[in-house]
Amino acid sequence: MRFLPTLPLLAALLIAGCGPQNQFSEYWGATVGSLLGGQEEAQDVRAALTPELLAQIGRPTILLTVPARENVESPFFAEERNGDTVTWLSVNNEFLLLQDGVLSGTRGLGGDLMNADLGEVHEALAGRRTQAVRIHRMLDGENHIVAESYVCDYAQRPERVAAGAYLTQVQATQIDETCTGVERVFENRYWLSGSGTIVRARQWAGEPLGYLEYERLSD
């Protein structure tokens, strides 16, 4: 699946009626088209996501980065909440499911994470345990769901650190999660605000995606 290349190009494609459409692509195209459509030079996604533009979008927004795809970036917008899980949607009809900020599923990104059992993970991130078991259910190349189980250990940095979120640097608590399974070991990182909200994270999404990184831009 393609991610957002540049905002002026995206606006032109959407206004011309090309590419997949959803409520955000239509609004995004109209908003970006009115603000950036007359610019000739390409502008990267991060630079274009200004506080003014985020205010006009009017929805919680995160910025996703995929290191395995040359650090391509794409904004995702909160579409709906179901209990503790928020579905985030890109203009290209790609989905992220975040359960209180922890990745619990992807759709449309390739090799999707169908769902994950994360109950013990949340307890560990809240400081109520030092080890947790998580289970991922992945879609393989033959469209079969394969379950992977991991035992995870957690380490919290003693000092608060600066983390990029909300278009600035915020002070956050960093928690490192090391998960060991039968075939692989991966390391996730979470940056939590004083209220316990995950404002930035780097999380394993399975192959071929590898790690997904996101930061909150607006609530």
Side-chain angles (χ1 to χ4, degrees), residues 1 3-4 20-32 45-46 49-66 73-110 112-128 132 134-139 145 152 163-168 170 172-173 175 177 188-206 209 211-219:
M1 298 295 293
F3 284 75
L4 299 183
Q21 295 287 311
N22 57 48
Q23 59 176 321
F24 293 107
S25 67
E26 293 172 1
Y27 178 78
W28 181 260
T31 301
V32 174
V45 173
R46 182 181 294 271
L49 287 165
T50 62
E52 294 76 19
L53 182 56
L54 292 171
Q56 290 195 43
I57 292 170
R59 291 279 187 133
T61 304
I62 62 175
L63 183 63
L64 181 74
T65 304
V66 187
E73 296 178 324
S74 177
F76 280 67
F77 312 100
E79 181 192 0
E80 64 178 3
R81 173 181 287 275
N82 183 10
D84 56 5
T85 300
V86 175
T87 299
W88 300 81
L89 174 66
S90 80
V91 298
N92 290 329
N93 289 326
E94 300 151 339
F95 290 84
L96 292 179
L97 285 79
L98 298 180
Q99 187 183 90
D100 285 337
V102 180
L103 183 68
S104 62
T106 65
R107 299 292 186 274
L109 292 169
D112 283 320
L113 172 63
M114 302 308 293
N115 58 62
D117 295 344
L118 301 171
E120 293 186 4
V121 173
H122 290 293
E123 292 181 7
L125 292 176
R128 295 194 294 269
R134 62 157 70 215
I135 299 174
H136 293 180
R137 296 176 184 87
M138 311 293 301
L139 193 65
I145 295 178
C152 305
Y166 301 109
L167 302 178
T168 186
V170 300
T173 298
I175 298 178
E177 176 188 42
N188 293 338
R189 290 183 179 175
Y190 309 89
W191 289 266
L192 284 68
S193 68
S195 64
T197 299
I198 297 175
V199 297
R200 186 181 183 95
R202 175 181 182 269
Q203 303 179 73
W204 176 255
L209 274 177
Y211 289 97
L212 299 181
E213 302 176 358
Y214 81 83
E215 61 187 90
R216 287 186 174 270
L217 300 182
S218 64
D219 291 330

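Heavy atoms only: backbone and side chains are in, while hydrogens, waters and symmetry mates are out.
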List the steps and the verdict of side chain to side chain contact (heavy atoms under 4.5 Å, CB included) for Thr197 and Leu192. CA-CA 5 Å; Thr197 299; Leu192 284 68; over 6 Å; no

Between [atom1] of [X] and [atom2] of [Y], what distance do you get to the nearest 0.5 Å?
{"X": "Leu118", "Y": "Asp100", "atom1": "CG", "atom2": "CG", "result": "10.0 Å"}
{"X": "Ile198", "Y": "Leu125", "atom1": "CD1", "atom2": "CG", "result": "5.5 Å"}
{"X": "Asp117", "Y": "Arg134", "atom1": "CG", "atom2": "CZ", "result": "10.0 Å"}
{"X": "His136", "Y": "Trp204", "atom1": "NE2", "atom2": "CH2", "result": "10.5 Å"}
{"X": "Leu96", "Y": "Leu103", "atom1": "CG", "atom2": "CG", "result": "6.5 Å"}

Does any non-hydrogen side-chain atom of [Y] lie less than 4.5 Å from one of [X]?
{"X": "Glu213", "Y": "Arg189", "answer": "no"}
{"X": "Glu80", "Y": "Leu89", "answer": "no"}
{"X": "Val170", "Y": "Val199", "answer": "yes"}
{"X": "Thr85", "Y": "Ser104", "answer": "yes"}
{"X": "Phe76", "Y": "Glu94", "answer": "yes"}

Would you say the side-chain atoms of Glu177 and Tyr190 include a donor-acceptor pair closer than 3.5 Å? yes

Residues two or more places apart in sequence or in another chain: which of them pass salt bridge (Lys or Arg N to Asp or Glu O under 4.0 Å) with Asp84? none

Check whether any side-chain N or O of [X] sits under 3.5 Å from a backbone N or O of [Y] as a donor-acceptor pair, and report yes or no.
{"X": "Arg128", "Y": "His122", "answer": "no"}
{"X": "Asn93", "Y": "Ser90", "answer": "no"}
{"X": "Thr106", "Y": "Leu109", "answer": "no"}
{"X": "Ser218", "Y": "Thr61", "answer": "yes"}

Could you pull out all residues at least two apart from [X] that satisfy side chain to side chain donor-acceptor pair (under 3.5 Å)?
{"X": "Thr87", "value": "none"}
{"X": "Arg216", "value": "Asp219"}
{"X": "Glu123", "value": "Arg129"}
{"X": "Thr168", "value": "none"}

Option from Leu113, Ile145, Asn115 for which side-chain contact (heavy atoms from CB on, under 4.5 Å) with Met138 holds: Leu113

Testing the basics here: between Gln203 and Ala201, what is the closest heavy-atom pair and its distance to 0.1 Å? NE2-CB, 3.5 Å

For Leu49 and Leu63, run side chain to side chain contact (heavy atoms under 4.5 Å, CB included): C-alpha distance rounded to whole Å, both residues' side-chain angles, the deciding distance at 0.1 Å, then the answer. CA-CA 9 Å; Leu49 287 165; Leu63 183 63; 3.9 Å; yes

Contacts of Arg200 that satisfy side-chain contact (heavy atoms from CB on, under 4.5 Å) - sequence neighbours left out: Ala163, Trp191, Glu215

Begin with the C-alpha distance, continue with both residues' side-chain angles, and end with the deciding distance and a verdict on side chain to side chain contact (heavy atoms under 4.5 Å, CB included) for Ile135 and Glu120. CA-CA 10 Å; Ile135 299 174; Glu120 293 186 4; over 6 Å; no

Quick one: is the NZ or CZ of Arg59 closer than 6.0 Å to the six-membered ring centre of Phe77, and within 45° of its axis? no

Side chain to side chain contact (heavy atoms under 4.5 Å, CB included) evaluation trace for Leu217 with Leu167: CA-CA 6 Å; Leu217 300 182; Leu167 302 178; 3.8 Å; yes

